[in-house]
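Read the numbers this way: they start at 1 and go in the same order the structure lists the ligands and their atoms.
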Amino acid sequence: MIDFAGLNPEQRIAVEKVDGPILVLAGAGSGKTRTLTYRIANILDQGRVSPHGVLAITFTRKAAWEMRRRLEELVGSPAKDITAVTFHSLGFKLLSAEGGVLGYKPDKLVVYDAVEAQRLLHRAMQETNVDGTRWTIEQVAPIIERAKDNLYGPEDFVQAKGDFFEESIAKVYRRYQQLLMENNAVDYGDLIRLSVQLLRQNPGTLEFYQNLFRYVLIDEFQDSSFGQYQLVRHLVWRNRNLCCVGSPVQAIYSWRGADIHNILERFRTDFPNALMVVLSQNYRSTATILAAAQAVVRDLPYREDLRTDNDQGSSVAVVPLNTDWDEANFIANEIKQLDEEGYCRVEDCAVLFRTRAQGRLLEQVFMHQGLPYTLVGDFKFFERREVKDILAYLRVVHDMLDAGALQRIINRPPRGLGPASLQKLQGSEPELNFSAITGLHNRTDLPPKVLAAAMEFADLIFDDLPRAVKEKTLPDFFDYVLERTGYLAWIQKDPDAKRRVANLRLLRAMTTRYDHSEEALGTFLADIAMLSVSRSISAVEGGDTSLDVPAEGRGVTLATIHAVKGLEFPVIFVAGLEEGIFPHAKAMKTAEGMEEETRLAYVAMTRAMSLLYLTYARSRVVGEEMKEHSPSRFLASIPKHLTRVVSATERGVMTHETIGATVLPLEFQTTVLALPMVEARS
Ligand code: ATP
Ligand code: MG
């Protein structure tokens with residue numbers, strides 16, 4: 001029997017009423033995820049269905065694992081057999097089992113990451129003459145992505161016949177799908193769109209999965225896309241045992257196709273008799289942090305007001321700094337100090353920021369200061385340029401026909417085969433391929449310099465390296481590639497050399513557990529492909545498997561706000577609270593954009609349990625330039641009595657005793673805060 005003592009009365013209702021549709025709505029830290037987990041425990045405990053009959057959908061893989069771990073504490077081993085996955089993994093499961101009816105070879109199905117998908121899309125644009133001059137790939141790609149989120153295929157894409165733009169896109173989209181099919185590949189959008197298509201077109205298959213998944217639960221429902229909701233709607237239509245939990249005020253993924261109407265309307269229209277539960281108590285944060293976060297979203301159309309019984313706690317520390325460099329140093333020092341004082345461990349701290357670029361400087365400073373950290377979010381190790389480059393070399397050695405890899409390395413390091421020379425080499429082919437390189441001897445049309453450079457390259461990759469791979473162990477071969485191609489020497493001149501070399505060292509470390517066999521390279525590459533695909537899947541969902549590193553040894557978490565949805569940390573730093581950074585300049589242009597930024601600020605602040613720091617820099621390097629910014633309007637919307645301004649130069653004031661003790665007098669605030677605060681919600 002499950003012990004319901006850890007639930008409040010509302011949570012308990014949502015846990016106990018197991019059958020039928022139910023929607024749980026509530027703001028941050030109110031125990032939605034906890035309720036969902038208990039609900040599953042209750043379903044299993046009542047023996048209504050075997051664990052295989054429970055499908056729990058979470059936003060990240062990390063969240064799925066976390067849910068299973070918590071469940072195991074509640075019900076023991078049956079927790080292992082429930083299906084706890086992300087929408088994308090669910091799609092992959094369906095397609096890799098049933099995709100045959102759609103014309104795929106299901107057991108060999110490949111998921112293309114964003115980069116591979118773009119390469120194919122580029123080809124599709126060229127082949128349909130929708131070239132990069134009229135419309136760029138950056139314009140076309142999101143249109144197709146959004147079409148997929150909304151379940152539009154190429155055939156139903158053209159809504160207004162005769163619309164040249166739409167017809168062109170439809171042409172590209174059709175060709176793109178053909179190319180994917182030829183590669184037995186799907187992109188992220190297809191994982192959902194094709195799964196829905198599969199269920200719609202095959203009643204037998206639909207019935208099978210409806211009978212299999214008797215109870216379906218979705219966490220973070222506010223950030224599901226139209227397609228994702230339709231997928232689940234099909235699955236539950238027979239049993240109607242669907243439990244969705246979400247928080248409209250935390251909807252932060254509209255830019256990637258999330259559709260708030262699922263939670264606001266569609267669910268209620270589809271399930272008019274659904275039980276509605278509203279949770280109203282926050283258990284995560286101090287009363288001060290909660291009040292500050294709620295103040296930021298007070299003018300939004302949908303809020304979920306919360307109260308808390310937690311202590312008042314420390315005031316929110318607002319920290320003005322001169323530069324982004326100062327900011328990173330302040331944060332690093334502060335964390336060191338909290339750690340030294342025994343207030344918390346470094347693992348308890350997370351630094352959150354709005355844009356990926358901010359993570360690099362933080363990383364640099366943390367590395368410099370010897371403070372352990374994990375960078376999460378979209379910073380995928382396998383997406384790093386140097387890692388991709390060297391893997392491409394290895395791929396070409398393993399498979400000479402790998403055109404994508406060949407294209408990537410032809411001029412890295414630069415060997416006089418830049419874009420213009422490449423064009424000549426390719427001739428009429430859409431991309432550089434094996435025959436372009438092997439047929440060099442017959443090419444009379446090439447300028448001598450290009451020919452010579454290409455010949456040398458051909459010798460390297462078709463002769464020299466393949467010979468070496470046969471003779472050496474994998475790590476030795478790895479070193480040989482770095483050396484012989486000139487890549488290491490080249491990367492050492494990069495301004496970011498230290499980090500790039502460190503990444504390559506990490507990649508090399510991964511080769512060391514392979515034996516010295518002819519197949520070692522192939523096995524290594526296959527393993528890496530699996531790893532990077534699963535990582536990309538999790539990254540596209542806003543998380544990253546690096547959070548799977550156990551807390552001990554993870555160090556400080558550095559992450560974009562989007563990546564830490566649903567998580568909590570005792571100490572949170574939100575960095576870069578500046579107009580133009582957060583709220584982000586692009587988003588500030590529209591009312592919807594501004595609302596989403598505001599929700600994002602709420603999400604960031606509500607990750608904090610005990611201490612919250614909000615930092616900003618007067619000037620910051622953006623792109624190549626140093627730019628001045630004024631403090632974010634979000635700071636101005638927090639009532640003054642909840643905050644205190646901390647001067648970085650008087651850092652001594654921030655010991656943990658003082659954090660909890662006093663709110664600094666007003667004079668102190670005005671002297672330290674040299675910059676005028678912008679008006680709230682100007
Ligand atoms: P978010 O909106 O950020 O996803 P959430 O609503 O899912 O948050 P949880 O993560 O489930 O909230 O819970 C927040 C914290 O509050 C967790 O540490 C959880 O263990 C705790 N908590 C939730 N409900 C209770 C309760 N009834 N009693 C004690 N602690 C609780
Ligand atoms: Mg949650």
Looking only at protein heavy atoms, what sits closest to atom 10 (O) of ligand 1 is R284 NH2, 3.1 Å
message = Between ligand 1 and A28, can you find any atom pair, the residue atom being a heavy atom, that is separated by under 4.0 Å?
response = yes
The protein heavy atom nearest to atom 27 (N) of ligand 1 is Q11 OE1, 2.9 Å
**Asked** Would you say R607 contacts ligand 1, with heavy atoms under 4.0 Å as the rule?
**Response** yes
Item to complete: Can you label the angle between the F573 ring and the Y613 ring as parallel, tilted or perpendicular, going by 30° and 60°?
Response: parallel
In K32, E304, Q222, the residue satisfying side chain to side chain donor-acceptor pair (under 3.5 Å) with S247 is E304
Atom 14 (C) of ligand 1 sits nearest the protein heavy atom E568 OE1, 3.5 Å
When distances are taken from atom 29 (C) of ligand 1, the protein heavy atom at minimum range is Y283 CD2, 3.6 Å
Any salt bridge between R70 and E73, counting N to O under 4.0 Å? no
Between D348 and R345, does at least one N-O distance fall below 4.0 Å, as a salt bridge requires?
yes
Is it the case that more than 12 heavy atoms not belonging to R214 sit under 6.0 Å from its CZ atom? no
**Prompt:** Is there at least one pair of N or O atoms, one from S30 and one from ligand 1, spaced under 3.5 Å apart?
**Reply:** yes
#### Entry: Any N, O or S atom of S247 closer than 2.8 Å to the Mg ion (ligand 2)
no
So for V245 against ligand 1, with non-hydrogen atoms under 4.0 Å, the contacting part is neither
- Could you check whether the rings of F267 and F271 sit parallel, tilted or perpendicular, using 30° and 60° as the cut-offs? tilted
Evaluate the ring planes of Y253 and F59, with Trp represented by its six-membered ring, and classify them as parallel (under 30°), tilted (30 to 60°) or perpendicular (over 60°). tilted
Q. Can K148 and D190 be counted as an ion pair, charged N to O under 4.0 angstrom?
A. yes
ask   = Hey, is S247 one of the residues with a heavy atom under 4.0 angstrom from ligand 1?
value = no
message = Working note: N150 + F226, criterion side chain to side chain contact (heavy atoms under 4.5 Å, CB included); need CA distance, chi angles, decisive distance, verdict.
response = CA-CA 6 Å; N150 289 296; F226 175 77; 3.5 Å; yes
Would you indicate whether K93, at its atom NZ, is surrounded by more than 12 heavy atoms from other residues, nucleotides or ligands within a distance under 6.0 Å? no
Under 4.0 Å from one or more heavy atoms of E220, ligand 1 contributes atoms 4 (O)
For G566, the ligand 1 atoms with a heavy-atom partner under 4.0 Å come out as 3 (O), 4 (O)
Quick look: K565 vs ligand 1, heavy-atom contacts under 4.0 Å, and the answer is neither
For this session: For residues W255 and H584, establish whether the separation of their ring centroids is below 6.0 Å.
Result: no
Discussion item. Could you check whether E72 pairs with R69 (Lys NZ or Arg NE/NH1/NH2 to Asp/Glu carboxylate O, under 4.0 Å)?
Written reply: no
Counting from 1 in the order shown, the ligand 1 atoms closer than 4.0 Å to a non-hydrogen atom of G6 are 26 (C), 27 (N), 28 (N)
re atom 2 (O) of ligand 1, the protein heavy-atom contact at minimum distance is K32 NZ, 2.6 Å
A student checking ligand 1 against N8 at a 4.0 Å heavy-atom cut-off should list atoms 27 (N)
for atom 9 (P) of ligand 1, nearest protein heavy atom and its distance come out as G31 CA, 3.7 Å
A student checking ligand 1 against Q250 at a 4.0 Å heavy-atom cut-off should list atoms 2 (O), 3 (O)
min-distance protein heavy atom vs atom 11 (O) of ligand 1 -> R34 N, 2.9 Å
